[in-house]
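Structure, as structure tokens:
Worth saying up front: this structure is predicted, and the values here are computed from it rather than measured. Worth knowing before you read on, the calculation uses all heavy atoms, side chains too, and leaves out hydrogens, waters and symmetry mates. Every chain is numbered from 1 and lettered A, B, ... according to where its sequence line falls, protein lines coming before strand lines.
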There are 2 protein chains.
Amino acid sequence: MAEHNGVRGLGRTTRSEERKAEIIRAAMEVIAENGYRGTSLAVVAERVGLTQAGLLHHFPTKEALLVAVLEARDQWDIATATFSGTFWPLDMLGDLVEYNSGRPGIVQVFTVLAGESVTEDHPARPYFHERYRLLRELTAQSLHEEFGDRLPGGLTPQQAAPLVAAVMDGLQVQWLHDPEEVDMAGSFRAFVGLLKGTAGQDADHGPGASG
Amino acid sequence: MAEHNGVRGLGRTTRSEERKAEIIRAAMEVIAENGYRGTSLAVVAERVGLTQAGLLHHFPTKEALLVAVLEARDQWDIATATFSGTFWPLDMLGDLVEYNSGRPGIVQVFTVLAGESVTEDHPARPYFHERYRLLRELTAQSLHEEFGDRLPGGLTPQQAAPLVAAVMDGLQVQWLHDPEEVDMAGSFRAFVGLLKGTAGQDADHGPGASG
DNA sequence: GTCTATAATAAGATAGAC
DNA sequence: GTCTATCTTATTATAGAC
């Protein structure tokens, strides 16, 4: 914790930490383009002006780098209060999806990793297993706070929770393949309309996506 | 087409074709376990009692083998009439999902490949791009035949189509991670209830999936 | 903290014998 | 149709100099 060149508050910018953050960003880019298994440390290293051996000074193994990427995502989640036990109104999830549609890179890393993660010994497997479990639990809680035992559309929070995560993930895949054709945020909001039982009344959810 | 040892109807069992089919089955197993990028030809070869060079006699490159796996899936789709322009009632999609929940291996190959396929030069990329496009188109058509311009729940067929594919895919990921916790067919049928606007009335769709 | 050099594997693909 | 042998190229990780 103590730093030889003066005080620093909790979690602020060592040179070394800055370097690591830089490497993590590069790793996310390369994983988005090639998946974890298709990613080589040399390519990541090159993007930050290091050699492969130089990179391994900061992260001793390829797997350690992946773990850091995953932890960085959790940090982001916490920062945006997704996981701080905060109550998320259903309508605000549409805003989150819209926000994501401005960040195809981020969406792509985690879509690729989530797909790879179902394989036997993938190092991200435990992470995603737990992440989905927690996501369902917190979504169900949040829906319960907002609507009680039944959503207006008729589902229980427990029934709706896995569907919310599924629709988000599934739309991401289609959207990454065809951003012109697939209106990710619009489609998601149409789904929200279903959950709220207001899908027929023309709200502001757009014209859907396919054609 | 002509075979030196007698007549054979269209598409029946040369020794060579049987061998190929055997290899394709093995490849699907290995891809399910390791993804396409994580799959080595030597491992696939070993499962059918061949060497790596022996396998390459039947499929000249690794990519050719992947293409064959993808074509095999299309054959299956056609066989089960998914893509023959046949009309699929919404309720029957629940049966399809239930059928899939008895074949985790198949579900896993295509979940993994769909995830990998969003990366830059993945050889399955064009395949999935087109597959999702077609799936949305045919789903929208089918829903239109069944319900006309609006589903009972209020969405148009064009709005509902990408959601149907998204829910199927998204539930598969969660179910592969946690088959005990996630009731894939039950959750899907709850979603169908939403589309039909009958989610509140207790139909036979189960108690959802999450804890 | 970063490099060069290198070890240790592993992979896809080709050549040519049987 | 299948094998052995080999080429070529990548990749993770380590050792040790600067």
Review point. Which part of the nucleic acid, if any, lies within reach of Leu41(B) when heavy atoms closer than 4.0 Å are counted: base, sugar-phosphate only, or nothing?
Key: sugar-phosphate
Review point. When we call it a touch if two heavy atoms are under 4.0 Å apart, what does Gly38(A) touch: a base, just sugar-phosphate, or nothing?
Key: nothing
Point to revise | Gln174(B) versus Arg136(A), side-chain donor and acceptor atoms under 3.5 Å | key: yes
Check your understanding: Between the side chains of Thr119(B) and Arg37(B), is a donor N or O closer than 3.5 angstrom to an acceptor N or O?
Key -> yes
Given atom [atom1] of [X] and atom [atom2] of [N], what is their separation to the nearest angstrom?
X: Leu55(B); N: dA11(C); atom1: CG; atom2: C1'; value: 14 Å
X: Leu56(B); N: dA5(D); atom1: CG; atom2: C1'; value: 15 Å
X: Phe59(B); N: dG12(C); atom1: CZ; atom2: P; value: 15 Å
X: Ile23(A); N: dG1(C); atom1: CD1; atom2: P; value: 10 Å
X: Tyr36(B); N: dG12(C); atom1: OH; atom2: P; value: 8 Å
X: Arg15(B); N: dT2(D); atom1: CZ; atom2: C1'; value: 18 Å
X: Asn34(A); N: dA10(D); atom1: CG; atom2: P; value: 14 Å
X: Lys20(B); N: dT2(D); atom1: NZ; atom2: P; value: 12 Å

Review point. Are side-chain heavy atoms of Tyr127(B) and Asp74(B) found at a separation under 4.5 Å?
Key: yes
Review point. Are any non-hydrogen side-chain atoms of Trp175(A) and Ser101(A) less than 4.5 angstrom apart?
Key: yes
Acceptor/donor pairs from residues 25-32 of chain B side chains to any protein atom, 3.5 angstrom cut, sequence neighbours excluded:
unit_1, atom_1, unit_2, atom_2, d
Glu29(B), OE1, Arg47(B), NH1, 2.8

With a 4.0 Å limit, can you tell me whether [X] has a side-chain N or O closer than that to the phosphate oxygens OP1/OP2 of [N]?
X: His57(A); N: dT2(C); result: no
X: Arg19(A); N: dT2(C); result: yes
X: Thr61(A); N: dT12(D); result: no
X: His58(A); N: dT2(C); result: yes

**Study point:** Arg19(A) and Glu22(A) ion-paired at < 4.0 Å
**Key:** yes
Point to revise | Proximal nucleotide (of dT12(D), dT14(C), dG1(C)) relative to the Ser16(A) side chain | key: dG1(C)
Anything under 3.5 Å between a protein N or O and an N or O of nucleotides 4-10 of chain C, put it in a table, one pair a line.
none

**Study point:** Aromatic ring pairing Tyr99(A)/Trp76(A), orientation class (parallel under 30°, perpendicular over 60°, tilted between)
**Key:** parallel
